[in-house]
Enquirer: 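Let me begin by handing over the structure; questions about it come next.
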Amino acid sequence: MEIIGLNRDKKRALCLFAGLLVFFLGLLAVGGVGVYNDSEQYITMHIHREPLYPLYLAAFRAVFGEGYLVWAMAGQGILTAFGVTVLSEYLTKYFGLCLWEELLIVTLQLLPHLITRYVSALHIFLENSVMSEALCIPLFTFFVYFLLRMLLEGRWKDAFFALLFSYLLSMTRGQMMTTILLWALLLGVRTLAQKKYLTLFIAASSVILVFLLRDLTVHVYNYGVTGYFMGNTYGKVNTLTNVIYACDEEHREVFEEGDLEQAFFDCFYNKSMERRLNHVYGGDSFDERAAYLEENHDILKFQVLEAELSAYYFGLGKVDYYQQSSMSDVMAGRMMKKLLPACFGQWLYDYILLCRNGFVRSIAVVHPIINFVALFLYLLAVGLALWQAFVKRRFRAAVVMGTAVLFIVANVCATSITIMCLSRYMIYGFSIFYIALYLLIREVWKERQIEKSSA
């Protein structure tokens with residue numbers, strides 16, 4: 001019988017994958033399944049939630065029955081372990097890293113899981129949790145893997161798979177629609193540099209088609225679950241929350257006297273003032289104001305906006321939950337269009353504060369001292385990337401850093417529009433940022449060594 005041998009790289013990859021499986025499945029065995037406030041919405045296929053993660057859970061439920069959550073969490077751990085292995089192996093081969101450097105790359109990818117467990121407010125181990133982030137993390141790892149291959153090697157196959165994973169990410173969490181735009185931007189920059197203008201048309205057309213496909217998929221999924229051909233609801237109520245937070249009493253004048261929109265505004269504003277859920281109570285310093293908004297966003301959203309909208313529309317009679325959700329979203333959109341121009345200055349100030357915390361949480365934790373460390377790291381990373389690309393004409397590590405920074409910017413700016421930038425929303429950019437920073441420092445150090453040896 002012929003024995004098929006494995007080369008050194010395959011043996012290393014298998015050992016790495018096995019070690020990661022022990023790590024993730026061992027933590028599942030010790031800690032068990034994490035079920036939290038949002039978990040029930042995924043399990044019940046709630047209208048507020050994107051389709052992919054509820055479908056993922058439903059598939060395990062159909063196969064394994066009552067004890068399906070343990071198997072679903074194991075699936076998340078296996079998928080994450082495989083993603084970490086694939087990205088680590090690729091970077092190791094492409095950049096010629098040694099064993100300890102690959103282990104460093106692996107460790108940097110494991111840190112987000114430990115940070116959300118031991119540093120963030122929720123103290124959850126994501127891959128053992130019934131939360132869409134647990135599926136988003138491995139999908140994002142595969143997206144980064146194919147995106148970097150597209151940028152560094154220029155193969156159409158990798159561009160297709162990167163776009164496919166960006167679509168899957170957008171179907172898991174709405175904020176990850178930014179990956180579709182990131183794909184288009186980076187492919188556009190690459191094709192412009194190569195003067196392949198036809199490719200720009202292909203990229204733009206692909207993005208439009210993917211967004212249309214996403215919208216159609218969500219509508220078909222919701223029709224199958226609810227009987228209504230509609231998109232996910234509640235996004236506009238989410239966004240209106242921070243607009244109401246930024247309002248003052250005189251902003252009621254943007255509505256026609258006596259109409260329903262003005263009645264809702266008066267109700268929202270008066271209750272927000274009664275419960276101190278307005279920007280005037282935010283404090284004096286940047287830190288105080290950012291923390292105050294983050295602490296009170298959900299209270300204002302759930303206990304004021306959602307409560308009052310639900311009470312009104314249910315009070316009309318013959319309105320079910322899905323109709324009520326859709327009506328609330330429509331009303332929130334109408335109010336936001338009129339209010340935002342009026343309170344834009346205050347809203348923008350609050351938005352910048354949320355973004356600041358988001359940028360910090362993408363690579364660190366919010367703290368008066370660590371905030372400046374994070375700023376230094378960003379300046380160092382961008383400076384090294386620009387120096388390598390435009391002075392040294394070395395693009396490999398600079399491309400990785402550019403990808404990391406652009407994603408962080410897109411993720412922070414998109415998330416801050418609708419909600420606060422919690423660690424579990426920002427954690428995706430952590431690993432790729434520090435991996436890119438290490439690769440940049442490594443290239444600079446290697447250049448210095450070559451210069452010394454030739455001197």
Side-chain angles (χ1 to χ4, degrees), residues 33 35-76 78-79 129-140 142-143 160-161 163-180 206-239 302 306 309-310 313-314 316-333 414 418-419:
V33 177
V35 179
Y36 303 96
N37 292 337
D38 293 344
S39 300
E40 188 65 21
Q41 292 190 359
Y42 297 113
I43 293 171
T44 58
M45 297 182 163
H46 198 281
I47 190 68
H48 293 170
R49 299 300 176 178
E50 289 77 9
L52 189 56
Y53 193 58
L55 288 172
Y56 170 84
L57 295 176
F60 278 88
R61 184 164 56 244
V63 174
F64 295 102
E66 187 176 347
Y68 74 97
L69 283 179
V70 173
W71 295 101
M73 301 305 100
Q76 291 170 181
I78 293 169
L79 193 61
S129 304
V130 186
M131 303 183 76
S132 61
E133 288 87 355
L135 186 59
C136 245
I137 287 177
L139 291 178
F140 181 72
F142 288 116
F143 167 73
F160 169 78
F161 281 110
L163 183 59
L164 173 62
F165 275 98
S166 70
Y167 164 74
L168 294 176
L169 282 165
S170 74
M171 296 294 293
T172 311
R173 285 199 65 82
Q175 76 185 80
M176 301 304 278
M177 284 191 285
T178 54
T179 58
I180 301 173
S206 299
V207 167
I208 294 171
L209 288 174
V210 168
F211 273 113
L212 290 174
L213 176 61
R214 181 191 183 278
D215 189 57
L216 176 62
T217 307
V218 171
H219 277 68
V220 171
Y221 163 81
N222 285 332
Y223 180 75
V225 173
T226 69
Y228 290 99
F229 190 73
M230 59 192 297
N232 291 120
T233 59
Y234 208 59
K236 292 176 182 177
V237 175
N238 229 349
T239 306
F302 291 122
E306 183 181 26
L309 288 166
S310 299
Y313 287 115
F314 280 135
L316 296 177
K318 297 182 180 180
V319 174
D320 64 22
Y321 179 78
Y322 304 109
Q323 293 170 317
Q324 176 269 317
S325 293
S326 180
M327 291 174 174
S328 295
D329 243 21
V330 170
M331 176 56 70
T418 58
I419 200 169

Enquirer: Side-chain donor-acceptor pair under 3.5 Å between Gln324 and Ser310, yes or no?
Expert: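 Result is yes, a qualifying pair exists.
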
Enquirer: One pair to check against side-chain contact (heavy atoms from CB on, under 4.5 Å): Arg61 and Leu69. What are the steps and the verdict?
Expert: CA-CA 8 Å; Arg61 184 164 56 244; Leu69 283 179; over 6 Å; no

Enquirer: Hydrogens and angles aside, do Ser328 and Tyr313 bring a side-chain donor and acceptor to less than 3.5 Å of each other?
Expert: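 On atom types as modelled, these side chains do not qualify, holding no pair under 3.5 Å.
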
Enquirer: Scan side-chain atoms only and decide if Gln41 and Tyr53 contain a donor-acceptor pair under the 3.5 Å cut-off.
Expert: no

Enquirer: What's the shortest heavy-atom distance between Gly231 and Ile47, and which atoms?
Expert: O-CD1, 4.1 Å

Enquirer: Working to the nearest 0.5 angstrom, can you tell me the gap between Asn232 CG and His48 NE2?
Expert: 8.5 Å

Enquirer: Please step through side-chain contact (heavy atoms from CB on, under 4.5 Å) for the pair Tyr321 and His46, ending with a clear verdict.
Expert: CA-CA 11 Å; Tyr321 179 78; His46 198 281; 3.0 Å; yes

Enquirer: Give, for atom CD1 of Ile137 and atom OG1 of Thr172, the distance between the pair rounded to the nearest 0.5 Å.
Expert: 12.0 Å

Enquirer: With the side chain counted from C-beta on, respond yes when Ile43 and Pro54 share a heavy-atom pair under 4.5 Å apart, and no when they do not.
Expert: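 Of all side-chain heavy-atom pairs linking Pro54 with Ile43, none is under 4.5 Å.
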
Enquirer: So, does Asn222 use its side chain to make a donor-acceptor pair with the main chain of Met230 at under 3.5 Å?
Expert: yes

Enquirer: Just by distance, do the side chain of Ser166 and the backbone of Leu163 share a donor-acceptor pair under 3.5 Å?
Expert: yes

Enquirer: Might you point out which heavy atoms bring Gln175 and Thr178 nearest each other, and give the distance in Å?
Expert: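 Shortest heavy-atom contact: O-OG1, 3.0 Å.
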
Enquirer: Any side-chain to backbone donor/acceptor pair from Thr179 onto Met176? Under 3.5 Å, distance only.
Expert: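 Yes.
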
Enquirer: Quick check against the 3.5 Å criterion: does Tyr56 have a side-chain atom that pairs as donor or acceptor with the backbone of Ser132?
Expert: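 Here the side-chain-to-backbone pair does not exist.
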
Enquirer: Would you indicate whether the side-chain heavy atoms of Met45 and Pro51 approach each other to under 4.5 Å?
Expert: no

Enquirer: Ring centroid separation for Phe64 and Trp71, is it under 6.0 angstrom?
Expert: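 Ring-ring flag for Phe64/Trp71: true, centres closer than 6.0 Å.
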
Enquirer: If you apply the rule side-chain contact (heavy atoms from CB on, under 4.5 Å), what do you find for Leu213 with Tyr167, and how did you get there?
Expert: CA-CA 9 Å; Leu213 176 61; Tyr167 164 74; 3.9 Å; yes

Enquirer: Any Lys/Arg nitrogen of Glu50 or Arg173 sitting under 4.0 Å from an Asp/Glu carboxylate oxygen of the other?
Expert: no

Enquirer: Looking at every non-hydrogen atom in both residues, tell me the closest pair between Ala134 and Ser129 and how far apart they are.
Expert: CB-O, 3.7 Å

Enquirer: Out of curiosity, Leu139 CG to Leu168 CG, how far, rounded to the nearest 0.5 Å?
Expert: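 With rounding to 0.5 Å, CG (Leu139) is 6.0 Å from CG (Leu168).
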
Enquirer: With rounding to the nearest 0.5 Å, note down the distance linking CE in Met171 to CG in Leu135.
Expert: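 Reported value, rounded in 0.5 Å steps: 12.0 Å.
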
Enquirer: Let me confirm one number: the CG-CE distance from Leu316 to Met327, rounded to the nearest 0.5 Å.
Expert: 6.5 Å

Enquirer: For the residue pair Phe60 and Gly75, what are the closest heavy atoms and their distance?
Expert: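 That closest heavy-atom pairing would be CZ-CA, 4.4 Å.
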
Enquirer: For a side-chain contact (heavy atoms from CB on, under 4.5 Å) check, start with the C-alpha distance between Leu169 and Phe143, then their side-chain angles and the critical distance, and finish with the verdict.
Expert: CA-CA 9 Å; Leu169 282 165; Phe143 167 73; 3.8 Å; yes

Enquirer: Locate the shortest heavy-atom distance separating Tyr221 from Arg49; write the atom from each residue and the value.
Expert: CE2-O, 4.4 Å

Enquirer: Quick one: are the ring centres of Phe165 and Phe161 less than 6.0 Å apart?
Expert: no

Enquirer: Let me confirm one number: the CG-OG distance from Leu57 to Ser39, rounded to the nearest 0.5 Å.
Expert: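 Result: 9.0 Å between the selected atoms.
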
Enquirer: For Tyr228 and Asp320, does a side-chain donor sit closer than 3.5 Å to a side-chain acceptor?
Expert: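 Yes, Asp320 and Tyr228 have a side-chain donor paired with an acceptor closer than 3.5 Å.
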
